[in-house]
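First up is the structure itself, then whatever we jot down about it.
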Amino acid sequence: NCIFENNTSNNGAAIAASSGAGPTISYCEFTNNTATNAGGGIHTTSGAHPDLSDCVFTGNTATWGGGGLYAYGPSSPTFTNCLFNNNGSDHWGGAFHTQVAGADVEFISCTFYGNHAPDGGVGYCRGDSHAELNNSILSHSSQGEAIYCSSGGTATLACCNVCGNAGGDWVSGISGQGGSSGNLNI
């Protein structure tokens, strides 16, 4: 039940989790936080495994990646029933960016709306990292395809609706997943 608002930092403007940290964070708002590097809302690394539920991420930005979240391996954050709205990056992953093997992020019943980045309006998975999205909505990114993957990064979607993203929906890192595993494109 906290509000993290208008914070600025190099990495993790609202929260920087490392060294195996595993906080449980519920019913919090992350609003207009700015990272000059990565992770406007949250930055995870070094074995951190935060568990976030019923949180709202709005208007967070990062210069290089992950307006809402930047997960650098090894780290394994989990998000349940969270909203990512209008978060952005100047480069990669408007809502989230995963990087390096061991960065494994899970989103369950989350909504991503109106996020933006040149590569991956919703998310960007890079360098053998992985994002798993279940029962989630990825819609109306104003810039970039829904999810972009490179350098061995992967994203797996199940029972998700991906629609209206400026750079395309079932393209790039998630091409071929539309219409399978209960995924929709409405």
Side-chain angles (χ1 to χ4, degrees), residues 1-35 37-62 65-89 92-100 102-117 120-126 129-139 141 146-147 153 155-161:
N1 291 322
C2 296
I3 296 174
F4 299 89
E5 186 173 28
N6 298 322
N7 297 291
T8 302
S9 180
N10 188 44
N11 292 313
I15 294 177
S18 64
S19 302
T24 298
I25 302 167
S26 301
Y27 301 101
C28 291
E29 296 177 23
F30 297 79
T31 306
N32 297 327
N33 298 291
T34 302
N37 186 36
I42 298 177
H43 184 283
T44 63
T45 189
S46 302
H49 52 94
D51 184 6
L52 292 94
S53 62
D54 303 294
C55 293
V56 176
F57 294 79
T58 303
N60 300 291
T61 60
L69 163 73
Y70 181 83
Y72 189 85
S75 65
S76 54
T78 300
F79 296 82
T80 306
N81 297 322
C82 292
L83 170 65
F84 292 81
N85 178 49
N86 195 34
N87 299 285
S89 169
W92 305 296
F96 71 87
H97 179 170
T98 62
Q99 185 167 338
V100 182
D104 297 305
V105 181
E106 185 174 13
F107 298 97
I108 304 161
S109 300
C110 291
T111 299
F112 300 87
Y113 182 85
N115 298 286
H116 55 90
V122 172
Y124 182 77
C125 301
R126 176 176 167 181
S129 64
H130 181 72
E132 183 171 329
L133 296 94
N134 295 294
N135 299 314
S136 294
I137 299 170
L138 295 72
S139 75
S141 294
I147 296 180
T156 304
L157 282 69
C159 299
C160 291
N161 185 1

Distance-only check: which donor-acceptor pairs under 3.5 Å involve side-chain atoms of residues 66-83, not counting sequence neighbours?
| from | atom 1 | to | atom 2 | distance (Å) |
| --- | --- | --- | --- | --- |
| Tyr70 | OH | Gln99 | OE1 | 2.9 |
| Ser75 | OG | Thr44 | OG1 | 2.9 |
| Ser75 | OG | Tyr72 | O | 3.2 |

Contacts of type side-chain hydrogen bond (donor to acceptor under 3.5 Å, both in side chains), residue [X], not counting sequence neighbours:
X	result
Ser136	none
Asn86	none
Asp51	none
Ser129	Thr98

Report yes if the side chains of [X] and [Y] come closer than 4.5 Å at any heavy-atom pair, otherwise no.
X	Y	value
Glu106	Asn134	yes
Glu29	Glu5	no
Ile42	Leu52	yes
Ser109	Asn135	yes

field: Exam field: side chain Asn33 to backbone Asn7, donor-acceptor pair closer than 3.5 Å
entry: yes
task: Would you mind telling me which of Phe96, Phe30, Phe112 makes a side chain to side chain contact (heavy atoms under 4.5 Å, CB included) with Phe84?
output: Phe112
- line: On a heavy-atom basis, the closest approach of Gly59 and Asn87 is N-OD1, 3.5 Å
message: Among residues at least two apart in sequence or on other chains, which ones pass side-chain contact (heavy atoms from CB on, under 4.5 Å) with Ala35?
response: Ala62
